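What follows is a single structure, written as structure tokens, with notes after it.
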There are 2 protein chains.
Amino acid sequence: MAQRFSEDELIANLFAPLAGPAGLDLLDDAALLPARSNPIVATVDALVAGVHFFPDDSPASIGKKALRANLSDLAAKGAEPIGFLLALALPPDWTNDWLAALAAGLGEDSQGYCCPLLGGDTVATPGPLTLSITALGEAPQGAFVPRGGARSGDAIYVSGTMGDAALGLRLRRDAALRERLTPRSRDYLLDRYLLPRPRLELAPFLRAHASAAMDVSDGLAGDLAKLAKASGVGARLTVEDIPLSDAAREAIEIDPGLLEIALTGGDDYELLFCVRRNCSQLEKLARAQATPCARIGEIIAGCGETTFFDRRENVLNFNKLSFSHF
Amino acid sequence: MAQRFSEDELIANLFAPLAGPAGLDLLDDAALLPARSNPIVATVDALVAGVHFFPDDSPASIGKKALRANLSDLAAKGAEPIGFLLALALPPDWTNDWLAALAAGLGEDSQGYCCPLLGGDTVATPGPLTLSITALGEAPQGAFVPRGGARSGDAIYVSGTMGDAALGLRLRRDAALRERLTPRSRDYLLDRYLLPRPRLELAPFLRAHASAAMDVSDGLAGDLAKLAKASGVGARLTVEDIPLSDAAREAIEIDPGLLEIALTGGDDYELLFCVRRNCSQLEKLARAQATPCARIGEIIAGCGETTFFDRRENVLNFNKLSFSHF
């Protein structure tokens, strides 16, 4: 096996360049963040090779996906990133080049999303590569957008398009389906699975207008049910109002069963949020965001029930609502 | 296999009871910490079954060890705990009872160390159990104790006794040695490996008096070299001044080669710190702490060199300075 970095070398060569001032060049036991006047928002997500990504995905995309999954949670709370901590469990076969590419991907996103590395721990594992990232962010006092704030009468919105990543995952596993899609649609869906786009650009809009929000990481149907339950309300959606990409439409046209995958599969990393229906400009404002947002339904009285209708008022039932780890 | 909790159930039943107010009952995407006037100290440590603990250790002790390893880093920086986030990757064979015991152990420590759960992520892994904990703490402005603050002439101290955990680990693997120790010494060393004691009670003392500090997690020799390097100084120690427990002395008497294990093996989780030698009361003060601290050497000019002398001024050389992950 090629020569490999020692623990100190890999920190100094690959990860210290990602550290912000609070990371103290990764030479101390802990990071030191200056006192802040805003409340701190903290979230953690772990990704395991073979579970949350394919072991042969490019290392840069693996690093990016791990960070972006966390940034998506910050965005959903209306928070701006402060920085992140990384726990990396490396399987026996890692190489310097592979790890350098992962660090480079992480570094690009760390810069691009203004989210410097604060600290880390690198350990050996006999198991699969595991990345656990804790992201810290901040939101002005009172601006944190809770999951449980939806009220009857609120309008329900989502950012971007739904189901692309779940269909991308399906494509990774289904060569026949891959063949039937146009290359453009295929590449689009595969990329949406590989690289989430955390919607941090919507955080200010959410802070200003959302009564409740979460990111859609385990499938729209299940995540909406979680939001409704946390808020003590119900929800009704019109399926035709749910925004789908052209690529997703193409796939669903080939196999209508894929609609269920799109609405219950994970990894969208789009935002699901509710707004009080008292602002006539809101619809326009939502659509005019850098990432357009679409109204897909409304909050009604209830206890976590969600109902998906089609235009003819037929109810859609799903086999299961969302991705489950166990 | 017995019925197992769903992801939602295990969060609600096992982990939500550990959450502080900032954890929002683990029902939201992120934790929300009120704005604080102190700087935030953040650290992360990952523990892998079969690497950092034995898979058949009691689940309560596994949970405790993971949290305590992090609390030890906070203590070394003179910080008080705020809370922690947990990423838990569960192998295929987990059971409700096992996980409940792990959560109960974590809960005891969370209460005992005033460090509530802020958030978490539970995922499945085909590999070994992996716990990654991020701990947040705080220290008053200017009170953070850096690793790189030691200056020539500073006295070097450690808390507690050195090498017990490394000898405990050796005992786990060496039945013959286990047989030769008195039961009392054997149990003491095994327990010191199983359950670190993070020295949070020393944090105020460190804030007041230490020029530099770190926790001893990878072996005294290697960790002192790290502190010296970060500070741009050298260090000289007198081996006979290094505090050893009676149990460690007994083991080393049986096999003198174990001294090297004691000084270069990991998992002490004691504190290593330096103080300016301008306070005649300091020695007395250090010994009078709830956990006594002993002076073991002094900082000299240099670039990270550390030399261990015995009373006859012979130099001790070690095969390797510390535990290395790779």
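Keep in mind the model is a prediction, meaning the values are calculated, not measured. Naming: A, B, ... by sequence-line order, numbering from 1 per chain. Heavy atoms only: backbone and side chains are in, while hydrogens, waters and symmetry mates are out.
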* To do: Side chain from CB out, backbone as N, CA, C, O: work out which of these in B:Val48 comes under 4.5 Å of a heavy atom of chain A, or both, or neither.
  => side chain
* Mind ranking B:Gly127, B:Ala42, B:Ala49 by heavy-atom pairs under 4.5 Å with chain A and telling me who comes out on top? => B:Ala42
* Structure fact -> The interface call for B:Leu227 against chain A, heavy-atom contacts under 4.5 Å, is neither
* Asked: Heavy atoms, side chains only, cut-off 4.5 Å: are B:Leu136 and A:Leu136 in contact?
  -> yes
* Asked: To the nearest 0.5 Å, how far apart are CG in A:Leu118 and CD1 in B:Ile40?
  -> 11.0 Å
* Nearest heavy-atom pair of A:Val51 and B:Ala124: which atoms, and what distance? -> CG2-O, 3.6 Å
* **Proximity breakdown for A:Asp45 and chain B, heavy-atom pairs closer than 4.5 Å** => both
* Spacing of B:Ile133 atom CD1 and A:Leu85 atom CG [to the nearest 0.5 Å] -> 13.0 Å
* Tell me, out of B:Asp28, B:Asn70, B:Asp73, who's got the most heavy-atom pairs with chain A below 4.5 Å. => B:Asp28
* For chain A, the option from B:Gly119, B:Pro128, B:Gly83 that forms the most heavy-atom pairs under 4.5 Å -> B:Pro128
* To do: Could you give me the CA-CA distance, side-chain angles and deciding distance for A:Asp8 and B:Lys226, then say whether side-chain contact (heavy atoms from CB on, under 4.5 Å) is met?
  => CA-CA 10 Å; A:Asp8 289 348; B:Lys226 283 181 197 165; 4.3 Å; yes
* Contact part of A:Pro34 toward chain B, heavy-atom cut-off under 4.5 Å: side chain, backbone, both or neither? -> backbone
* List the atom of A:Ala30, the atom of B:Thr43, and the distance in Å for their closest heavy-atom pair. => CB-CB, 3.9 Å
* To do: Measure B:Ala135 against the heavy atoms of chain A and call it side chain, backbone, both or neither at under 4.5 Å.
  => neither
* **Contact winner vs chain A - B:Ala89, B:Gly120, B:Gly50, heavy-atom pairs under 4.5 Å** => B:Gly120
* To do: Indicate the atoms forming the closest heavy-atom contact of A:Val44 with B:Ala87, along with that distance.
  => CG2-CB, 3.9 Å
* Taking B:Met214, B:Lys229, B:Arg147 one by one, which has the highest count of heavy-atom pairs under 4.5 Å against chain A? -> B:Arg147
* Side chain, backbone, both or neither: which part of B:Thr125 has a non-hydrogen atom closer than 4.5 Å to chain A? -> both
* To do: Find the distance between NZ (B:Lys77) and CG (A:Leu24) and round it off to the nearest 0.5 Å.
  => 8.5 Å
* Asked: Rounded to the nearest 0.5 Å, how far does CD of A:Glu138 lie from CG of B:Leu33?
  -> 12.0 Å
* **For the student: nearest non-hydrogen atoms of B:Asp121 and A:Ala46, plus distance** => OD2-N, 2.8 Å
* **Non-hydrogen atoms of B:Ala76 and A:Asp29 that approach each other most closely** => CB-OD2, 4.4 Å
* Structure fact -> Looking only at A:Val41, A:Thr130, A:Asp25, A:Leu86, most heavy-atom pairs under 4.5 Å shared with chain B are made by A:Val41
* Structure fact -> Turns out that what part of A:Ala22 lies under 4.5 Å from chain B's heavy atoms comes down to neither
* **Which portion of B:Leu27 sits near chain A, non-hydrogen atoms under 4.5 angstrom** => backbone
